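Below: one structure, written as C-alpha coordinates.
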There are 2 protein chains.
Amino acid sequence: MTRRTDPLTAEVVDLIGAVVARYHQEYDAAAAGHRMTGAQARVLAMLSAGPLPMRGIAERLRCEPSNVTGIVDRLEAQGLAERRPDPADRRVKLAAATERGRAVAADLRDSLEFAREPLAALSAGERATLRDLLARVLG
Amino acid sequence: MTRRTDPLTAEVVDLIGAVVARYHQEYDAAAAGHRMTGAQARVLAMLSAGPLPMRGIAERLRCEPSNVTGIVDRLEAQGLAERRPDPADRRVKLAAATERGRAVAADLRDSLEFAREPLAALSAGERATLRDLLARVLG
DNA sequence: TATTGTTATACTCTATAACTATA
DNA sequence: TATAGTTATAGAGTATAACAATA
(Lines give C-alpha, C1' and ligand atoms only; values in the text may rest on other atoms or scores of the structure.)
Protein backbone atom coordinates (compact mmCIF):
# COMPACT_ATOMS: atom_id res chain seq x y z
CA MET A 1 0.00 0.00 0.00
CA THR A 2 1.39 3.35 -0.96
CA ARG A 3 0.88 6.27 1.36
CA ARG A 4 1.35 9.94 0.62
CA THR A 5 4.36 11.51 2.26
CA ASP A 6 3.86 14.78 4.08
CA PRO A 7 5.32 17.98 2.54
CA LEU A 8 8.11 18.28 5.11
CA THR A 9 9.31 14.72 4.49
CA ALA A 10 9.13 15.30 0.72
CA GLU A 11 11.25 18.40 1.19
CA VAL A 12 13.88 16.46 3.13
CA VAL A 13 13.89 13.67 0.52
CA ASP A 14 14.43 16.25 -2.23
CA LEU A 15 17.32 17.78 -0.28
CA ILE A 16 18.86 14.34 0.21
CA GLY A 17 18.55 13.82 -3.55
CA ALA A 18 20.43 17.09 -4.09
CA VAL A 19 23.12 16.00 -1.63
CA VAL A 20 23.44 12.66 -3.46
CA ALA A 21 23.85 14.43 -6.82
CA ARG A 22 26.46 16.81 -5.47
CA TYR A 23 28.36 14.07 -3.66
CA HIS A 24 28.62 12.05 -6.86
CA GLN A 25 29.63 15.02 -8.92
CA GLU A 26 32.50 15.86 -6.59
CA TYR A 27 33.54 12.27 -5.95
CA ASP A 28 33.72 11.46 -9.66
CA ALA A 29 35.61 14.69 -10.36
CA ALA A 30 38.13 13.87 -7.61
CA ALA A 31 38.52 10.34 -9.01
CA ALA A 32 39.00 11.68 -12.54
CA GLY A 33 41.73 13.94 -11.19
CA HIS A 34 43.63 10.73 -10.42
CA ARG A 35 42.69 9.10 -13.74
CA MET A 36 40.20 6.77 -12.05
CA THR A 37 36.48 6.18 -12.41
CA GLY A 38 34.17 6.41 -9.40
CA ALA A 39 34.02 2.64 -9.00
CA GLN A 40 37.79 2.33 -9.12
CA ALA A 41 38.17 5.06 -6.51
CA ARG A 42 35.67 3.37 -4.22
CA VAL A 43 37.52 0.06 -4.43
CA LEU A 44 40.88 1.74 -3.87
CA ALA A 45 39.47 3.46 -0.79
CA MET A 46 38.36 0.05 0.53
CA LEU A 47 41.75 -1.51 -0.11
CA SER A 48 43.62 1.36 1.51
CA ALA A 49 42.18 0.08 4.82
CA GLY A 50 43.60 -3.41 4.20
CA PRO A 51 43.62 -6.32 1.70
CA LEU A 52 40.31 -7.93 0.75
CA PRO A 53 39.35 -11.09 -1.17
CA MET A 54 37.69 -10.37 -4.51
CA ARG A 55 34.46 -11.74 -3.08
CA GLY A 56 34.62 -9.31 -0.16
CA ILE A 57 34.91 -6.36 -2.55
CA ALA A 58 31.85 -7.53 -4.48
CA GLU A 59 29.83 -7.77 -1.27
CA ARG A 60 30.74 -4.25 -0.18
CA LEU A 61 30.10 -2.92 -3.69
CA ARG A 62 26.83 -4.88 -3.79
CA CYS A 63 27.60 -6.18 -7.26
CA GLU A 64 28.42 -9.53 -8.87
CA PRO A 65 31.94 -10.87 -8.24
CA SER A 66 32.63 -11.03 -11.98
CA ASN A 67 32.59 -7.22 -12.14
CA VAL A 68 35.34 -6.88 -9.58
CA THR A 69 37.81 -8.67 -11.84
CA GLY A 70 37.83 -5.80 -14.34
CA ILE A 71 37.91 -3.03 -11.75
CA VAL A 72 40.91 -4.55 -9.95
CA ASP A 73 42.51 -5.25 -13.36
CA ARG A 74 42.40 -1.54 -14.13
CA LEU A 75 43.73 -0.51 -10.72
CA GLU A 76 46.50 -3.06 -11.14
CA ALA A 77 47.34 -1.73 -14.62
CA GLN A 78 47.93 1.68 -13.04
CA GLY A 79 50.08 0.27 -10.27
CA LEU A 80 47.58 1.23 -7.58
CA ALA A 81 46.65 -2.30 -6.48
CA GLU A 82 47.94 -5.84 -6.71
CA ARG A 83 46.68 -9.40 -6.26
CA ARG A 84 48.25 -11.65 -3.63
CA PRO A 85 47.64 -15.31 -2.84
CA ASP A 86 45.87 -16.18 0.40
CA PRO A 87 48.10 -18.61 2.33
CA ALA A 88 45.05 -20.08 4.07
CA ASP A 89 43.02 -20.88 0.92
CA ARG A 90 44.58 -21.21 -2.49
CA ARG A 91 41.32 -20.43 -4.24
CA VAL A 92 41.29 -16.92 -2.79
CA LYS A 93 43.06 -13.89 -4.25
CA LEU A 94 43.58 -10.95 -1.95
CA ALA A 95 43.45 -7.54 -3.58
CA ALA A 96 45.71 -5.02 -1.85
CA ALA A 97 46.58 -1.36 -2.42
CA THR A 98 50.20 -0.71 -3.35
CA GLU A 99 52.14 1.99 -1.53
CA ARG A 100 51.35 4.35 -4.37
CA GLY A 101 47.73 3.24 -4.22
CA ARG A 102 47.54 4.16 -0.54
CA ALA A 103 49.07 7.57 -1.26
CA VAL A 104 46.56 8.20 -4.04
CA ALA A 105 43.68 7.09 -1.78
CA ALA A 106 44.81 9.52 0.94
CA ASP A 107 45.12 12.32 -1.59
CA LEU A 108 41.69 11.58 -2.96
CA ARG A 109 40.21 11.63 0.51
CA ASP A 110 41.74 15.02 1.21
CA SER A 111 40.76 16.46 -2.15
CA LEU A 112 37.08 15.77 -1.55
CA GLU A 113 35.91 19.36 -1.50
CA PHE A 114 32.61 18.23 -0.10
CA ALA A 115 34.28 17.63 3.24
CA ARG A 116 35.32 21.25 3.58
CA GLU A 117 33.49 24.08 1.84
CA PRO A 118 29.88 23.02 2.42
CA LEU A 119 30.28 21.68 5.94
CA ALA A 120 32.32 24.73 6.91
CA ALA A 121 29.03 26.64 6.82
CA LEU A 122 28.00 24.79 9.96
CA SER A 123 29.28 25.30 13.48
CA ALA A 124 30.74 22.36 15.40
CA GLY A 125 27.51 22.01 17.34
CA GLU A 126 25.45 21.99 14.14
CA ARG A 127 27.74 19.40 12.56
CA ALA A 128 27.23 17.21 15.61
CA THR A 129 23.46 17.63 15.31
CA LEU A 130 23.62 16.74 11.62
CA ARG A 131 25.71 13.70 12.44
CA ASP A 132 23.23 12.48 15.04
CA LEU A 133 20.21 13.01 12.78
CA LEU A 134 21.85 11.24 9.83
CA ALA A 135 22.91 8.37 12.07
CA ARG A 136 19.31 7.92 13.23
CA VAL A 137 17.96 8.14 9.67
CA LEU A 138 20.33 5.36 8.65
CA GLY A 139 19.12 3.29 11.60
CA MET B 1 46.95 22.82 -0.71
CA THR B 2 45.27 19.97 1.06
CA ARG B 3 44.20 20.36 4.63
CA ARG B 4 43.25 17.67 7.10
CA THR B 5 39.60 17.54 7.99
CA ASP B 6 38.68 17.33 11.65
CA PRO B 7 37.26 14.03 13.01
CA LEU B 8 33.71 15.35 13.38
CA THR B 9 33.60 16.54 9.77
CA ALA B 10 35.07 13.22 8.62
CA GLU B 11 32.33 11.44 10.54
CA VAL B 12 29.63 13.52 8.86
CA VAL B 13 31.19 12.92 5.43
CA ASP B 14 31.20 9.16 6.07
CA LEU B 15 27.54 9.30 7.09
CA ILE B 16 26.69 11.24 3.96
CA GLY B 17 28.51 8.55 1.97
CA ALA B 18 26.32 5.93 3.65
CA VAL B 19 23.19 7.96 2.87
CA VAL B 20 24.29 8.23 -0.76
CA ALA B 21 24.83 4.46 -1.00
CA ARG B 22 21.46 3.70 0.54
CA TYR B 23 19.63 6.28 -1.57
CA HIS B 24 21.02 4.74 -4.75
CA GLN B 25 20.26 1.24 -3.64
CA GLU B 26 16.63 2.07 -2.99
CA TYR B 27 16.21 4.35 -5.99
CA ASP B 28 17.60 1.73 -8.39
CA ALA B 29 15.46 -0.99 -6.81
CA ALA B 30 12.35 1.17 -7.17
CA ALA B 31 13.27 1.89 -10.79
CA ALA B 32 13.87 -1.82 -11.50
CA GLY B 33 10.40 -2.51 -10.10
CA HIS B 34 9.11 -0.55 -13.07
CA ARG B 35 11.57 -2.13 -15.54
CA MET B 36 13.66 1.02 -15.70
CA THR B 37 17.27 1.85 -14.89
CA GLY B 38 18.16 4.63 -12.46
CA ALA B 39 18.99 7.05 -15.28
CA GLN B 40 15.70 6.35 -17.03
CA ALA B 41 13.78 6.87 -13.78
CA ARG B 42 15.55 10.19 -13.15
CA VAL B 43 14.68 11.45 -16.63
CA LEU B 44 11.08 10.29 -16.33
CA ALA B 45 10.81 12.11 -13.00
CA MET B 46 12.06 15.29 -14.73
CA LEU B 47 9.60 14.91 -17.58
CA SER B 48 6.66 14.28 -15.25
CA ALA B 49 6.99 17.95 -14.24
CA GLY B 50 6.72 19.06 -17.87
CA PRO B 51 8.28 18.64 -21.35
CA LEU B 52 11.97 19.44 -21.81
CA PRO B 53 14.24 19.83 -24.83
CA MET B 54 16.85 17.08 -25.13
CA ARG B 55 19.50 19.68 -24.35
CA GLY B 56 17.76 20.65 -21.13
CA ILE B 57 17.72 17.05 -19.96
CA ALA B 58 21.46 16.77 -20.59
CA GLU B 59 22.11 19.91 -18.57
CA ARG B 60 20.12 18.66 -15.59
CA LEU B 61 21.74 15.23 -15.85
CA ARG B 62 25.15 16.91 -16.22
CA CYS B 63 26.04 14.67 -19.12
CA GLU B 64 26.64 15.06 -22.85
CA PRO B 65 23.52 15.56 -25.03
CA SER B 66 24.37 12.49 -27.10
CA ASN B 67 23.64 10.27 -24.09
CA VAL B 68 20.11 11.57 -23.72
CA THR B 69 19.13 10.20 -27.13
CA GLY B 70 19.45 6.60 -25.93
CA ILE B 71 17.78 7.16 -22.56
CA VAL B 72 14.73 8.82 -24.13
CA ASP B 73 14.73 6.13 -26.86
CA ARG B 74 14.30 3.47 -24.15
CA LEU B 75 11.59 5.41 -22.31
CA GLU B 76 9.83 5.89 -25.64
CA ALA B 77 10.11 2.17 -26.44
CA GLN B 78 8.23 1.45 -23.21
CA GLY B 79 5.56 4.02 -23.94
CA LEU B 80 6.57 6.18 -20.97
CA ALA B 81 7.78 9.21 -22.96
CA GLU B 82 7.48 10.70 -26.43
CA ARG B 83 9.22 13.28 -28.61
CA ARG B 84 7.30 16.33 -29.83
CA PRO B 85 8.34 19.13 -32.18
CA ASP B 86 8.89 22.59 -30.70
CA PRO B 87 6.68 25.02 -32.64
CA ALA B 88 9.07 27.87 -31.84
CA ASP B 89 12.28 26.21 -33.10
CA ARG B 90 12.22 23.33 -35.55
CA ARG B 91 15.67 22.14 -34.44
CA VAL B 92 14.38 21.36 -30.97
CA LYS B 93 12.69 18.13 -29.91
CA LEU B 94 10.69 18.26 -26.71
CA ALA B 95 10.68 15.07 -24.65
CA ALA B 96 7.45 14.63 -22.70
CA ALA B 97 6.09 11.99 -20.35
CA THR B 98 3.04 10.14 -21.66
CA GLU B 99 0.02 9.73 -19.43
CA ARG B 100 1.27 6.30 -18.48
CA GLY B 101 4.73 7.76 -17.89
CA ARG B 102 3.31 10.27 -15.43
CA ALA B 103 1.45 7.51 -13.60
CA VAL B 104 4.63 5.42 -13.36
CA ALA B 105 6.60 8.46 -12.14
CA ALA B 106 4.03 9.10 -9.41
CA ASP B 107 4.09 5.44 -8.39
CA LEU B 108 7.87 5.44 -8.30
CA ARG B 109 7.89 8.54 -6.11
CA ASP B 110 5.52 6.93 -3.65
CA SER B 111 7.36 3.62 -3.62
CA LEU B 112 10.61 5.26 -2.53
CA GLU B 113 10.90 3.57 0.84
CA PHE B 114 13.59 6.03 1.78
CA ALA B 115 10.96 8.69 2.18
CA ARG B 116 9.14 6.76 4.85
CA GLU B 117 10.84 4.17 7.05
CA PRO B 118 14.07 6.01 7.83
CA LEU B 119 12.68 9.50 8.18
CA ALA B 120 9.83 8.18 10.29
CA ALA B 121 12.41 7.74 13.06
CA LEU B 122 12.54 11.52 13.37
CA SER B 123 9.95 13.82 14.90
CA ALA B 124 8.54 16.67 12.82
CA GLY B 125 10.82 19.10 14.64
CA GLU B 126 13.86 16.96 13.95
CA ARG B 127 12.94 16.62 10.29
CA ALA B 128 12.72 20.40 10.08
CA THR B 129 16.15 20.71 11.71
CA LEU B 130 17.58 18.18 9.26
CA ARG B 131 16.01 20.08 6.37
CA ASP B 132 17.55 23.37 7.50
CA LEU B 133 21.00 21.88 8.05
CA LEU B 134 21.01 20.13 4.67
CA ALA B 135 19.82 23.28 2.95
CA ARG B 136 22.73 25.23 4.47
CA VAL B 137 25.23 22.50 3.55
CA LEU B 138 24.06 22.72 -0.06
CA GLY B 139 24.48 26.48 0.07
C1' DT C 1 28.33 30.53 -38.62
C1' DA C 2 26.19 28.67 -34.59
C1' DT C 3 23.00 25.46 -32.47
C1' DT C 4 20.02 21.05 -31.88
C1' DG C 5 19.78 16.50 -32.05
C1' DT C 6 21.61 12.34 -33.81
C1' DT C 7 24.94 8.75 -35.21
C1' DA C 8 29.32 6.23 -34.77
C1' DT C 9 32.82 4.70 -31.75
C1' DA C 10 35.10 3.28 -27.65
C1' DC C 11 35.40 2.53 -22.64
C1' DT C 12 33.49 1.32 -18.17
C1' DC C 13 30.12 -0.82 -15.17
C1' DT C 14 26.66 -4.16 -14.71
C1' DA C 15 24.35 -9.00 -14.65
C1' DT C 16 24.20 -13.81 -16.30
C1' DA C 17 26.12 -18.08 -17.40
C1' DA C 18 29.86 -21.25 -18.12
C1' DC C 19 34.49 -22.49 -16.98
C1' DT C 20 39.00 -23.55 -13.78
C1' DA C 21 41.19 -24.50 -9.75
C1' DT C 22 40.82 -25.43 -5.47
C1' DA C 23 38.30 -27.10 -1.12
C1' DT D 1 29.72 -31.21 -4.29
C1' DA D 2 30.56 -26.54 -3.21
C1' DT D 3 33.26 -22.24 -3.43
C1' DA D 4 36.64 -18.42 -5.41
C1' DG D 5 37.88 -16.23 -9.27
C1' DT D 6 37.78 -15.71 -14.12
C1' DT D 7 36.10 -15.49 -18.89
C1' DA D 8 32.54 -14.64 -22.38
C1' DT D 9 28.64 -12.12 -23.61
C1' DA D 10 25.21 -8.61 -23.73
C1' DG D 11 22.93 -4.23 -22.19
C1' DA D 12 23.29 0.37 -20.40
C1' DG D 13 25.61 4.87 -19.35
C1' DT D 14 29.30 7.87 -20.55
C1' DA D 15 32.49 11.01 -23.54
C1' DT D 16 34.29 12.37 -28.06
C1' DA D 17 33.90 13.45 -32.76
C1' DA D 18 31.43 14.01 -37.02
C1' DC D 19 27.05 14.81 -39.28
C1' DA D 20 22.19 16.72 -40.99
C1' DA D 21 18.70 20.05 -40.27
C1' DT D 22 17.64 24.47 -38.81
C1' DA D 23 18.58 29.09 -36.97
Side-chain angles (χ1 to χ4, degrees), chain A residues 20-21 24-47 51-78 80-96, chain B residues 20-21 24-25 27-29 31-47 51-78 80-96:
Chain A
V20 167
H24 260 110
Q25 190 183 328
E26 298 199 358
Y27 197 91
D28 289 354
H34 292 281
R35 302 181 179 254
M36 284 188 291
T37 63
Q40 288 162 22
R42 273 195 297 283
V43 170
L44 185 59
M46 281 181 207
L47 299 183
L52 280 175
M54 302 298 278
R55 212 105 192 155
I57 298 174
E59 279 162 19
R60 285 156 207 246
L61 232 46
R62 294 177 194 282
C63 74
E64 293 301 314
S66 61
N67 302 325
V68 180
T69 300
I71 298 174
V72 172
D73 279 352
R74 282 159 218 130
L75 287 175
E76 205 162 20
Q78 296 194 50
L80 301 175
E82 63 186 9
R83 285 171 167 89
R84 300 173 189 163
D86 181 345
D89 187 337
R90 287 197 299 173
R91 291 174 303 181
V92 173
K93 284 177 189 166
L94 294 173
Chain B
V20 167
H24 261 111
Q25 190 183 328
Y27 197 90
D28 289 355
H34 292 282
R35 304 183 177 251
M36 285 188 289
T37 63
Q40 287 161 24
R42 273 195 296 284
V43 170
L44 184 59
M46 281 182 207
L47 299 184
L52 280 174
M54 302 300 277
R55 211 105 192 159
I57 298 174
E59 278 162 20
R60 284 156 208 247
L61 234 43
R62 292 176 194 281
C63 75
E64 292 301 315
S66 60
N67 302 324
V68 180
T69 299
I71 297 174
V72 171
D73 279 352
R74 283 161 215 127
L75 287 175
E76 205 162 20
Q78 295 194 50
L80 302 175
E82 63 186 11
R83 286 171 166 90
R84 299 176 189 161
D86 181 345
D89 186 338
R90 289 196 299 173
R91 292 174 303 180
V92 173
K93 284 177 190 167
L94 294 172

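In what follows, chains are A, B, ... by sequence order, proteins preceding strands, each numbered from 1. For the numbers below, each heavy atom of this structure counts, side chains included, while hydrogens, waters and symmetry mates do not. These figures come from a predicted structure and were not determined experimentally.
In this structure, the side chains of B:Arg83 and B:Met54 come closer than 4.5 Å at one or more pairs of heavy atoms. Within the 4.5 Å cutoff, side-chain heavy atoms of A:Pro51 are placed close to those of A:Arg84. A heavy-atom distance below 4.5 Å is not found between the side chains of A:Asp86 and A:Lys93.
From B:Leu47, atom CG reaches atom CG of B:Leu75 across 7.0 Å, with rounding to the nearest 0.5 Å. Rounding to the nearest 0.5 Å gives a distance of 8.0 Å between CG of A:Leu61 and CG of A:Asn67.
Within the 4.0 angstrom heavy-atom criterion, only backbone atoms of the sugar-phosphate kind lie near A:Thr37; the bases stay farther away.
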Checklist line | Evaluation steps, salt bridge (Lys or Arg N to Asp or Glu O under 4.0 Å), between B:Asp28 and A:Arg62 | finding: CA-CA 12 Å; B:Asp28 289 355; A:Arg62 294 177 194 282; over 6 Å; no

Note to self: Pair A:Arg74, A:Glu76 - check salt bridge (Lys or Arg N to Asp or Glu O under 4.0 Å), show working.
What the structure shows: CA-CA 5 Å; A:Arg74 282 159 218 130; A:Glu76 205 162 20; over 6 Å; no

Next item on the list: Starting from the C-alpha separation in whole Å, work towards a yes-or-no answer on side-chain contact (heavy atoms from CB on, under 4.5 Å) for B:Leu52 and B:Leu94.
Entry: CA-CA 5 Å; B:Leu52 280 174; B:Leu94 294 172; 6.0 Å; no

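Atom CD of B:Gln40 is separated from atom P of D:dA12 by 7 Å (rounded to the nearest Å). Taking atom CZ of B:Arg35 as the reference point, atom C1' of D:dA12 lies 17 Å away to the nearest angstrom. One can place CZ of A:Arg55 at 11 Å from C1' of D:dA2, the figure rounded to the nearest angstrom. Across the protein-nucleic acid pair, A:Arg83 atom CZ and D:dA4 atom P stand 16 Å apart, rounded to whole Å.
Listed by chain and number, the residues in a side-chain hydrogen bond (donor to acceptor under 3.5 Å, both in side chains) with A:Asp89 are A:Arg91 (sequence neighbours excluded). Take B:Gln78 and apply the side chain to side chain contact (heavy atoms under 4.5 Å, CB included) test, not counting sequence neighbours, and it matches B:Arg35, B:Gln40, B:Leu80. A:His34 meets the ring-ring contact (aromatic ring centres under 6.0 Å, His included) test with no other residue; sequence neighbours excluded.
Contacts between chain A and DNA chain C, taken as any atom within less than 4.0 angstrom of a protein heavy atom, begin and end at C:dT12 to C:dA23.
Terminal axes of the helix from C:dT1-D:dA23 to C:dA23-D:dT1 (five pairs each, C1' rotation axis) are separated by 10°, to the nearest 10°.
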Check: Which parts of nucleotides 14-23 of chain D does protein reach within less than 4.0 Å, heavy atoms only, written one letter per nucleotide 5' to 3' as B for base, S for sugar-phosphate only and - for none?
Finding: BBBB----BS

